[in-house]
Amino acid sequence: QVQLVESGGGLVQPGGSLRLSCEASGRIFSIDNMGWYRQAPGKQREFIAGFYGGRNTRYAESVQGRFTISRDNYKKTAYLQMNSLKPEDTGLYSCKLVVYGVELWGNGTLVTVSS
């Protein structure tokens with residue numbers, strides 16, 4: 001069984017920072033196709049950041065310049081560094097990994113940005 005587990009969420013004030021982690025476990029040897037998604041309260045899940053074409057990255061316009069995705073292939077872990085957080089960044093952050101045509105999702109970690 002392959003599992004994705006997110007961590008690092010919590011309550012943070014506007015302007016603050018958080019670092020999210022997504023660790024893959026089980027029989028998996030590559031996390032090349034990893035991405036982060038967010039589901040805000042009352043809204044559909046949306047793409048936030050991800051890797052493509054190897055080491056290239058893509059970000060949603062709303063987080064460009066504030067969020068940074070990275071990964072450690074040995075630890076099979078992807079990260080999302082979130083800076084200058086805004087209340088509208090509040091939501092459930094989930095990671096997705098596509099391997100052999102199958103989408104794998106974690107259960108998410110909750111981020112709440114509020115004063």
Side-chain angles (χ1 to χ4, degrees):
Q1 297 286 342
V2 177
Q3 294 183 337
L4 302 178
V5 180
E6 302 94 337
S7 62
L11 175 64
V12 63
Q13 295 184 348
S17 299
L18 283 175
R19 181 180 173 88
L20 307 182
S21 299
C22 175
E23 182 178 3
S25 62
R27 292 184 175 273
I28 185 171
F29 302 97
S30 175
I31 57 169
D32 289 348
N33 300 309
M34 181 78 81
W36 286 95
Y37 293 75
R38 177 178 70 201
Q39 185 169 25
K43 297 184 178 180
Q44 294 184 335
R45 185 163 55 191
E46 63 178 340
F47 170 82
I48 295 299
F51 288 99
Y52 74 95
R55 297 179 178 179
N56 296 314
T57 57
R58 181 169 68 89
Y59 298 90
E61 181 67 24
S62 61
V63 305
Q64 184 73 249
R66 299 188 297 118
F67 291 11
T68 302
I69 187 172
S70 61
R71 65 190 178 196
D72 185 323
N73 290 318
Y74 180 77
K75 295 182 178 180
K76 294 185 292 184
T77 301
Y79 306 93
L80 184 67
Q81 179 66 46
M82 306 184 296
N83 299 325
S84 302
L85 285 164
K86 306 174 181 179
E88 50 263 44
D89 292 320
T90 293
L92 183 68
Y93 285 73
S94 303
C95 61
K96 182 182 77 174
L97 177 64
V98 180
V99 289
Y100 300 110
V102 178
E103 291 188 354
L104 304 177
W105 290 87
N107 289 325
T109 183
L110 183 63
V111 173
T112 302
V113 184
S114 176
S115 60

Looking at T109 and G9, what are the two nearest heavy atoms and their distance?
OG1-N, 3.0 Å
Give, for atom CZ of R71 and atom CG of D32, the distance between the pair rounded to the nearest 0.5 Å.
5.0 Å
Test side chain to side chain contact (heavy atoms under 4.5 Å, CB included) on Y59 and T68 and set out the steps.
CA-CA 8 Å; Y59 298 90; T68 302; 3.8 Å; yes
Please evaluate residues M82 and L20 with respect to the criterion side chain to side chain contact (heavy atoms under 4.5 Å, CB included), reporting the C-alpha separation (whole Å), side-chain torsions for both, the decisive distance (0.1 Å), and the verdict.
CA-CA 8 Å; M82 306 184 296; L20 307 182; 3.7 Å; yes
Determine yes or no for a side-chain-to-main-chain donor-acceptor pair under 3.5 angstrom, with E6 supplying the side chain and N107 the backbone.
yes
Applying a strict under-4.5 Å side-chain criterion to I, L, V, M, F, W and Y, I'd like to know whether F51 and V63 cluster together.
yes
SG (C95) and CD1 (I48) are apart, to the nearest 0.5 Å, by 13.5 Å
Quick check: is I31 connected to I69 through a chain of hydrophobic side chains (ILVMFWY, heavy atoms under 4.5 Å apart)?
no
Start with the C-alpha gap between S17 and V12, add the side-chain angles, then the distance that decides, and say whether side chain to side chain contact (heavy atoms under 4.5 Å, CB included) holds.
CA-CA 7 Å; S17 299; V12 63; over 6 Å; no
Supply the atom-to-atom distance Y52 OH to T57 OG1, rounded to the nearest 0.5 angstrom.
7.0 Å
Using side-chain heavy atoms (C-beta onward) and a distance below 4.5 Å, is V99 in contact with S30?
no
Would one find more than 12 heavy atoms of other residues, nucleotides or ligands at under 6.0 Å from atom CD of E88?
yes
What heavy-atom pair brings P14 and P87 nearest, and what distance separates the two atoms?
CG-CG, 4.2 Å
State yes or no: do Y79 and V111 share one hydrophobic cluster built from I, L, V, M, F, W and Y residues joined by side-chain heavy-atom distances below 4.5 Å, directly or via other members?
no
Got a second to check how far T112's OG1 is from L18's CG, nearest 0.5 Å?
9.5 Å
Quick one: do L4 and V102 end up in the same hydrophobic cluster if we chain Ile, Leu, Val, Met, Phe, Trp and Tyr together by side-chain heavy atoms under 4.5 Å apart?
yes
Gap separating the CG atom of N83 from the CZ atom of R66, nearest 0.5 angstrom:
9.0 Å
Please check this pair: side chain of T90 against backbone of V113, looking for a donor-acceptor N/O pair closer than 3.5 Å.
yes
Without swapping roles, check the side chain of R19 against the backbone of G8 for a donor-acceptor pair under 3.5 Å.
no
For R38 and S62: C-alpha separation, side-chain torsions, deciding distance, then whether side chain to side chain contact (heavy atoms under 4.5 Å, CB included) applies.
CA-CA 12 Å; R38 177 178 70 201; S62 61; 3.9 Å; yes
Are M34 and Y37 connected in a single hydrophobic cluster, I mean Ile/Leu/Val/Met/Phe/Trp/Tyr linked by side-chain heavy atoms less than 4.5 Å apart?
no
Identify the heavy atoms of S21 and T77 that sit nearest to each other, and give their distance.
CB-CG2, 4.2 Å
Would R58 pass as a cation-pi partner of F47, given that its NZ or CZ must be under 6.0 Å from the six-membered ring centre and within 45 degrees of the axis?
yes
For F67 together with W36, are the ring centres under 6.0 Å from each other?
no
